[in-house]
Amino acid sequence: MCDCGCAGLQARLQAREELIGVLGHELRNSIAPLALLAEHFEELALTSHPQLTAKVSMLSRNLHKLTATVDRLAEVSSLRAGKLAFDCEDVDVRDVLDEVARELAPDAARVPADLRISYTTPVQGWWDRERIVQIVRSLVTNAIRYGGGAPIEVSTQLAGHDAEIVVHDQGPGVPSELRAQLFDRCDHRTASRGSTFGVGLFVVKALCEAMRGSVRLDEAASGARFCVTLPRG
């Protein structure tokens, strides 16, 4: 039986998670108009101040990244509370890969890293499209950030009644001492290295599991190979 001290700790943890969720929502509301303003400046720069285009584009991208970071903060709280909503529809993973590749192509080019998309047959299923985008975006972003400029291949295929999505970079790979806690909510060793693996991959894992799927780090001859498996119906 849980004593009063344990009950008090649980109450404080719940209050903390609720506070994180509220703060994430408020921060996102504050950032959203700034992101819209940056997009407006980008449009103006294209026509009247071409020399500012690159700088304004950089501002816009970083605001969107900040928004994504805040979203992850709020989602960690929602995932732990089991309150994250899903809006499912018919999704072709090929379209998701193409969308993420277009979005992250500028980031890959700055490294530079060769970002390759690979698929053959349609890979369709009944999922929340935005959550699939989020999973792929997070894995590809990690590959760009930690792959050392090596080629990155993103592929999808059917695997029986499931869909598989693979993000494989040819970089230095994940150090063996970090593998055991790779998908944990917070790993102080990765945090001390300036890595965002802990929170980002925790969200990826939680989203996959919420859709009755999984994510794993496969053994690979070189680099890091993440494989997502999701049931299609």
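Under the rule for a salt bridge (Lys or Arg N to Asp or Glu O under 4.0 Å), the partners of R137 that lie at least two apart in sequence or sit in another chain are E103. In this view, A224 and D169, V174, L217, F226 satisfy the side chain to side chain contact (heavy atoms under 4.5 Å, CB included) rule, not counting sequence neighbours. Not counting sequence neighbours, E89 has no partner by the salt bridge (Lys or Arg N to Asp or Glu O under 4.0 Å) test. By the side chain to side chain contact (heavy atoms under 4.5 Å, CB included) test, S118 is found to be paired with E153, S155, residues two or more places apart in sequence or in another chain being considered. In this view, E209 satisfies the side chain to side chain donor-acceptor pair (under 3.5 Å) rule with no residue, not counting sequence neighbours. Listed by chain and residue number, nothing satisfies the salt bridge (Lys or Arg N to Asp or Glu O under 4.0 Å) test with D98 (two or more places apart in sequence, or in another chain). By the side chain to side chain contact (heavy atoms under 4.5 Å, CB included) test, E130 is found to be paired with D128, residues two or more places apart in sequence or in another chain being considered. In this structure D107 satisfies the side chain to side chain donor-acceptor pair (under 3.5 Å) test together with R110, sequence neighbours excluded. For D95, the side chain to side chain donor-acceptor pair (under 3.5 Å) criterion is met by no residue, not counting sequence neighbours. Judged as a side chain to side chain contact (heavy atoms under 4.5 Å, CB included), and not counting sequence neighbours, the contacts of P122 are D92, R94, Q124.
A donor-acceptor pair is defined here as one N or O able to donate and one able to accept, closer than 3.5 Å; such a pair exists between the side chain of W127 and the backbone of P231.
Atoms CG and CZ, from D87 and R129 in turn, are 12.5 Å apart once rounded to the nearest 0.5 Å. Between L182 atom CG and F202 atom CZ the span is 13.5 Å, to the nearest 0.5 Å.
Under the 4.5 Å side-chain heavy-atom criterion for grouping Ile, Leu, Val, Met, Phe, Trp and Tyr, V133 is connected to M211 within one hydrophobic cluster.
The two atoms that bring A220 and H168 nearest to each other are CB-NE2, 3.8 Å, heavy atoms only. Heavy atoms only, all atoms of each residue included: A113 and A150 are closest at CB-O, 3.7 Å. When every heavy atom of F183 is checked against every heavy atom of V215, the shortest pair comes out as CE2-CG1, 3.6 Å. Scanning both residues, P172 and G148, for their nearest heavy atoms gives CD-N, 4.3 Å.
For the salt bridge (Lys or Arg N to Asp or Glu O under 4.0 Å) condition, no pair includes a residue of residues 158-167, sequence neighbours left out. Pairs passing the salt bridge (Lys or Arg N to Asp or Glu O under 4.0 Å) check and including a residue from residues 221-230, sequence neighbours excluded, read D218-R225.
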| task | Take W126 and D90, measure what side-chain contact (heavy atoms from CB on, under 4.5 Å) needs, and give me the verdict at the end. | result | CA-CA 5 Å; W126 189 252; D90 187 28; 4.3 Å; yes
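Using a 4.5 Å cut-off on side-chain heavy atoms (C-beta onward), L201 and L139 make contact. The side-chain heavy atoms of T229 and R216, taken from C-beta on, include a pair separated by under 4.5 Å. A 4.5 Å side-chain heavy-atom check between I165 and Y119 finds every atom pair outside the cut-off.
The side chain to side chain contact (heavy atoms under 4.5 Å, CB included) test with C208 singles out one residue from I135, I132, V203, and that residue is I135. With T156 as the fixed residue, the side chain to side chain contact (heavy atoms under 4.5 Å, CB included) test singles out one of I117, V228, V96, V93: V93. With I152 as the partner, the side chain to side chain contact (heavy atoms under 4.5 Å, CB included) test is satisfied by one option alone out of D114, L104, L115, V111: L115.
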